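So the structure is just underneath, and the comments pick up after that.
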Amino acid sequence: MVQNKTITAADPQKKSNFIHMQIDADLAAGKNDGRVHTRFPPEPNGYLHIGHAKSICLNFGLAERYGGKTNLRFDDTNPSKEETEYVDSIMEDVRWLGFDWEDRLYYASDFFPKLHEFAIQLVKEGKAYVDDQDAETISQQRGTPQKPGVESPFRTRSVEENLDLFARMTAGEFNEGEKVLRAKIDMASPNMHMRDPIMYRIMKAHHHRTGDKWCIYPMYDYAHGQCDFWEGITHSICTLEFEVHRPLYDWFVDQLQESDYRPRQIEFARLNLTYTVMSKRKLLELVKDNHVNGWDDPRMPTISGLRRRGYTPESIRNFSDKIGVTKVDGMIDVSLLEFSVREHLNRTAQRVMGVINPLKVVITNYPEGQTEELDAINNPEDESAGTRKVPFSRELYIERDDFMEDPPHKFFRLGPGREVRLRYAYFIACTDVIKDENGEIVELHCTYDPASKGGNSPDGRKVKATLHWVSAAHAVKSEVRMYDRLFNDEDPSGHEDVDFKDFMNPGSLKVLPDCYLEPFVKDSKPFDHFQFERLGYFNMDPDSTPNKPVFNRTVALRDSWAKEQSKQ
RNA sequence: UGACCCGUGGUGUAAUUGGCAACACGUCUGAUUUUGGUUCAGAAGAGUCCAAGUUCGAGCCUUGGCGGGUCAACCA
């Protein structure tokens, strides 16, 4: 175990929380030689989600704050649910978020031999026994929170018999469910977890790392604290529901303790987000039953889903800082998450023009066959991003929403007889509206003012709107996937009598197959971020092919016009 | 009917050894703007679940209520 010689004082700039205070107190009391060592302990039975990101940022953030270390540990004590696929995705996600466990990658299964030895020690000390009863009987004997349990008839077995039976359990002589190893603590404890908890159960399952070496596997409560201990963890951060497990955590560590060093469990409130479900079981259900297209579906709150949606690691880390850490079981508004991406992407995303709901415009006084290259700014928030050329020609596409035949008062955009600016190009005025036999508008005829090249008119004439556009002949035809929240209800899991899936938003994905983007996007790679001006942030989806680029909408821009409209 | 945890504007958090509640998101004005974005200026919004107590003084301490959460997998 490595000693951290330099413990830096807590950074007063960063917001404090109750865990900092407890660690400060531990440090002040001289505990654990002044070390701070945390761990992130996922079970590899699913993909990581934004709630895990909170925990990852917390654990690695603590280490950073105090000059300590953080281990990655896979809590793989239940082979029936765990898979290598999950191990790989978890490592990828933690790295993507920007954290590094260096050489400290552990698996609970690494400790199976030591755990087994320790179990034998407890048996020898008369602190553990083999119980022959089945699960149901044991469960009944355990009592209820308000009613004490009763002791198992096998509780008083001799050490010799227990040793023999446990050895035979280990050797595979018994069937699943036939026997368990239990800690001998207190069947009358007001804390259910202290009523002779099960340490080992028989599972004849293939483990993703230890193969068929074992046929008994340790329970979480028996494994976790000891793994912490052997890894030299000082602060074992977990979520609130483990609070009642703490006495048991401490009990096992007490039996193990051989020096002043001692890991300590601290619990915090897990993340709840509005309009989303966060339980792995529910996320797995969405995936398995094809309600979404896999764990990395951009509508999923998984790290891989958020990545594919276009979220950046920075934005998730900033979000994590903003929400803080407490023991209050609350619910955070998704709009805070959305704010975090916008904030980051506004500073960093390449601007580009793209028309997702095209309406053709012909500039009738612009020479046929002529093309001009106009200068456009790549990112107004970052001068070093430079400029690019955008082709302009006689036939263009603009957004359908940017034209109204009969515009209301507050509508600033194009209408019959109105003049607007095409960004970086010219002022244009609408002269004719062309419709098909159904009365649907199919094309606009406009004239441009050659003197307004670049977007300014020499006579100082003002326009009320600036529209994005794409030259029809140069456009890159693309598919754009418009994502919205997966659920319509603020708390889809919060209704006892209604299944969360009943709240799924049927409009959570709208595929627009015929969008036109400016040629600049031709060179982009999957996961590249853009702002489509006036529309939102988008990124290229890995489904893209050279012939058919695909973009996902990460989040829309703030839209005070849409807000104005929704007031009506 | 038990044990443990929690209770600060709409939401999330903060408040140094107790010293008349700060910040962010959201909301609402207004300004600027070649993105109805960004930015900037400003406003509204809690007297800290309730009650009693200790104190010159309590969101912070004490007691009692009330409200919410967690715990009865051979899951983690």
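Computed from a prediction, not measured in an experiment: that's the story for all the values here. Naming: A, B, ... by sequence-line order, numbering from 1 per chain.
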Next on the checklist: Need one value for Ser189(A): base, sugar-phosphate or nothing, where a base atom within 4.0 Å counts as base even if backbone is also close, heavy atoms only.
Outcome noted: nothing
Checklist entry - Below 3.5 Å, does any donor atom in the side chain of Arg534(A) face an acceptor in the base of rG36(B), or the other way round? => result no
Next on the checklist: Just to be sure I understand the geometry, which residues of residues 376-390 of chain A put a non-hydrogen atom under 4.0 Å away from RNA chain B?
Outcome noted: Pro380(A), Glu381(A)
Next on the checklist: Between Ser80(A) and rC75(B), is there a contact of a side-chain N or O with OP1 or OP2 at under 4.0 Å?
Outcome noted: no
Next on the checklist: Generate the contact string for nucleotides 9-16 of chain B. Rules: B means base contact, S means sugar-phosphate contact only, - means no protein heavy atom under 4.0 Å.
Outcome noted: --SSSS--
Next on the checklist: Just the rounded figure in Å: distance from P of rU17(B) to CG of Asp24(A).
Outcome noted: 11 Å
Checklist entry - What interatomic distance, in whole Å, is found between C1' of rU8(B) and the corresponding atom of rU13(B)? => result 10 Å
Next on the checklist: If we check side chain to side chain donor-acceptor pair (under 3.5 Å) with Glu285(A), which of these qualifies: Arg281(A), Lys288(A), Lys282(A)?
Outcome noted: Arg281(A)
Checklist entry - Within this structure, what is the CZ-to-P distance between Phe339(A) and rG37(B), rounded to whole angstrom? => result 15 Å
Item to check | Conformer about C1'-N of rA73(B) - syn within 90° of 0, anti elsewhere | outcome: syn
Checklist entry - Does a nitrogen or oxygen in the side chain of Lys563(A) sit under 4.0 Å from OP1 or OP2 of rC28(B)? => result yes
Item to check | Check: Pro218(A) main-chain N/O paired with Arg201(A) side-chain donor or acceptor under 3.5 Å | outcome: yes
Item to check | Separation between the C1' atoms of rG2(B) and rG18(B), rounded to whole Å | outcome: 35 Å
Item to check | Centroid distance under 5.5 Å and plane angle under 30°, Tyr220(A) vs rA76(B) | outcome: no
Item to check | rG10(B) and rG47(B), which share atom name P, separated by this distance in whole Å | outcome: 8 Å
Next on the checklist: Going by salt bridge (charged side-chain N to carboxylate O under 4.0 Å, His left out), name the residues that satisfy it together with Lys389(A), two or more places apart in sequence or in a different chain.
Outcome noted: Asp375(A)
Item to check | Working for side-chain hydrogen bond (donor to acceptor under 3.5 Å, both in side chains), residues Asp489(A) and His495(A) | outcome: CA-CA 10 Å; Asp489(A) 190 84; His495(A) 305 262; 2.9 Å; yes
Show each protein N/O and nucleotides 2-4 of chain B N/O combination with a separation under 3.5 Å, one pair to a line.
unit_1	atom_1	unit_2	atom_2	d
rG2(B)	N3	Pro145(A)	O	3.1

Next on the checklist: Students often mix this up, so state it plainly: with edges at 30° and 60°, are the rings of Tyr397(A) and Tyr516(A) parallel, tilted or perpendicular?
Outcome noted: parallel
Checklist entry - Which sits closer to the 5' end of RNA chain B, Arg421(A) or Asp76(A), going by the nucleotide each is nearest to? => result Arg421(A)
Checklist entry - Is the base of rU38(B) touched by the side chain of Arg558(A) through a donor-acceptor pair closer than 3.5 angstrom? => result no
Checklist entry - In chain order, what residues pass the ring-ring contact (aromatic ring centres under 6.0 Å, His included) check against His193(A), with sequence neighbours excluded? => result His245(A)
Item to check | C1' atoms of rU48(B) and rA21(B), separation to the nearest Å | outcome: 8 Å
Item to check | Nucleotide rC6(B), atom P - distance to CD1 of Ile19(A) in whole Å | outcome: 13 Å
Checklist entry - Between Phe111(A) and Trp230(A), how do the two ring planes meet: parallel, tilted or perpendicular, split at 30° and 60°? => result parallel
Item to check | Ring centers of Tyr426(A), Tyr448(A) separated by less than 6.0 Å | outcome: yes
Next on the checklist: A quick test of your reading: do over 12 heavy atoms of other residues, nucleotides or ligands sit less than 6.0 Å from CD of Glu136(A)?
Outcome noted: no
Checklist entry - RNA chain B in dot-bracket, Watson-Crick or G-U pairs under 3.5 Å, [ ] crossing, | other strand? => result .((((((..((((.....[..)))).(((((.......))))).....(((((..]....))))))))))).....
Next on the checklist: Whether Arg201(A) contacts rC75(B) is assessed here as follows: a side-chain N or O lying under 4.0 Å from the phosphate OP1 or OP2. Is that the case?
Outcome noted: yes
Next on the checklist: For the backbone of Thr239(A) and the side chain of Arg270(A), can you confirm whether one donor and one acceptor N or O come within less than 3.5 Å of each other?
Outcome noted: no
Checklist entry - What class does the angle between the rings of Tyr200(A) and Phe166(A) fall in, given that below 30° is parallel, 30 to 60° is tilted and above 60° is perpendicular? => result tilted
Item to check | Neighbour count above 12 (heavy atom, 6.0 Å) for Lys147(A) NZ | outcome: no
Next on the checklist: Looking only at side-chain N and O atoms, does Asn191(A) offer a donor or acceptor that is under 3.5 Å from a partner on Ser189(A)?
Outcome noted: no
